Protein chains: 2
Amino acid sequence: MPGYAGKMTSTRERIIQTGARLFWRQGFPGTGMKQIVAEADAPFGSVYHFFPGGKEALGAEAVRWSGGQYAALVDAAFADAATRTNDLATLVVDVFVAAGEAVRASEWADACPIATVALEMSSVSEPIRLACHDTFESWLAGLGARFAAHGVVEAAQRELAITFLTLLEGAFLLARTSRSVEPLHVAGTAMAASIRAVVTAT
Amino acid sequence: MPGYAGKMTSTRERIIQTGARLFWRQGFPGTGMKQIVAEADAPFGSVYHFFPGGKEALGAEAVRWSGGQYAALVDAAFADAATRTNDLATLVVDVFVAAGEAVRASEWADACPIATVALEMSSVSEPIRLACHDTFESWLAGLGARFAAHGVVEAAQRELAITFLTLLEGAFLLARTSRSVEPLHVAGTAMAASIRAVVTAT
DNA sequence: GTCTATAAACCGATAGAC
DNA sequence: GTCTATCGGTTTATAGAC
């Protein structure tokens, strides 16, 4: 579980990070407060001391924390792929393949850390929906900047970023249910096609 | 909620259809057996009479039922779009736009009927994961056949089908969290680019 | 097969001692 | 700020009358 191995400092941080990990794996309704404090090695009352808003407030905070962690992970994947190629279309194919290997390595359990919570809670909790929305938007901004660095014109940056995230999320879903990297590979090819379509048009 | 309005016959069918609707909206752990039987207007004991495997067995059955219903819905969307154009790339853009309007009309609540359950349960329940997997595969087969009817060569049919489903699922996720049809529109454009890339290559 | 009552465990949340 | 005990309600599942 890369990105979650950092040393845990305060009780509050330990609760957030443990919550983020459990919400990732089990979803929001599927994770109990009792399990969170138990695995965070914290007293039960602490969670309501630090999060007066209860489970909903903890969920929103955990989503935002996961978002920052995962952005760093994706950044690292891009940086690693950049050591092998400079062509953007080749680069994204490489990133999708790497994402597939990561999901396979987790035995098809760990893909996007917030997708499950987003689907479960977007029509139920406005604070959690907003946390997911803000997180996705921050990812899109990062992806757009990355495409810009590779010469993609400004008008196409956001569209390509949305295409990238959409393909990644959809492929994660199919990969987890099929226990196969095939959807990630196909998504990488599709992403390359979209990039080439934009580059050709300009 | 189109597709769920058919007359309900047996108690068993009523439980499956009500379960499917609630799992769609609230996810699997977020839906209680009590709520299902209450809304299905069935006695509580019936659910364990018809589903000795308990909630897990009902969940798998509900997923398979939803899969059939949704396939018919997507078929209808394609048929409707086909009254306006014969070009495959234009057709898929039309279908993605229509999907976006459907999600908007449900106030960003109803998108894919099984995606939430798939993410929640794929690493928890093997019967439910398999039901989701089989459902996705049946959708892919239907999409592949549709592309074949539009002249897509056999070697590219499955790849394009995966691209379509991946883009649709990812765009549904982003649309629900952002409350915007933008991801569906971008996904439609990306799908068109993939189709044109295949057609150009052959 | 239908339906009710209830078991046994768990849920989120709170009170209050320390 | 830490920790425990507990409340009231809910969960899945079962037992057993009809």
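These figures come from a predicted structure and were not determined experimentally. Lettering of chains follows the sequences in order, A, B, ..., and the numbering in each one begins at 1.
- For A/Lys34 and A/Pro43, each mapped to the nucleotide of DNA chain D holding its nearest heavy atom, the one lying further toward the 5' end belongs to A/Pro43.
- Distance NZ (B/Lys55) to P (D/dT11): 9 Å, rounded to an integer number of Å.
- Distances shown here put a side-chain N or O of B/Tyr48 below 4.0 Å from the OP1 or OP2 atom of D/dA13.
- We find that NE2 of A/His49 is positioned 16 Å from C1' of C/dA13, with the value rounded to whole Å.
- Nucleic acid contact class of B/Gly45 (heavy atoms, under 4.0 Å, all strands): base.
- Looking at heavy-atom distances under 4.0 Å, B/Phe51 makes no contact with the nucleic acid at all.
- Distance alone, capped at 3.5 Å, places no donor-acceptor pair between the A/Glu120 side chain and the B/Gln26 backbone.
- Between A/Phe96 and A/Phe78, the ring center distance fails the sub-6.0 Å criterion.
- Between the P atom of C/dG12 and the CG atom of A/Leu22 lies a distance of 12 Å, rounded to the nearest Å.
- The closest side-chain donor-acceptor pair between B/Glu56 and B/Ser125 falls under 3.5 angstrom.
- Spacing between atom CD of A/Gln35 and atom C1' of C/dA9 amounts to 15 Å, rounded to whole angstrom units.
- Protein atom CD of A/Gln26 is 14 Å distant from nucleotide atom P of C/dC10, rounded to whole Å.
- Checking the phosphate oxygens (OP1, OP2) of C/dG1, no side-chain nitrogen or oxygen of B/Thr11 falls inside 4.0 Å.
- For A/Phe44, the listed nucleotide lying nearest its side chain is D/dA5; candidates were C/dT2, D/dA5, D/dT2.
- Protein atom CZ of B/Phe50 is 17 Å distant from nucleotide atom C1' of D/dA13, rounded to whole Å.
- Going from atom CE of A/Met33 over to atom P of D/dA5 covers 19 Å, rounded to whole Å.
- The heavy-atom pair separating A/Gln35 from A/Leu22 by the smallest distance is NE2-CD2, 3.8 Å.
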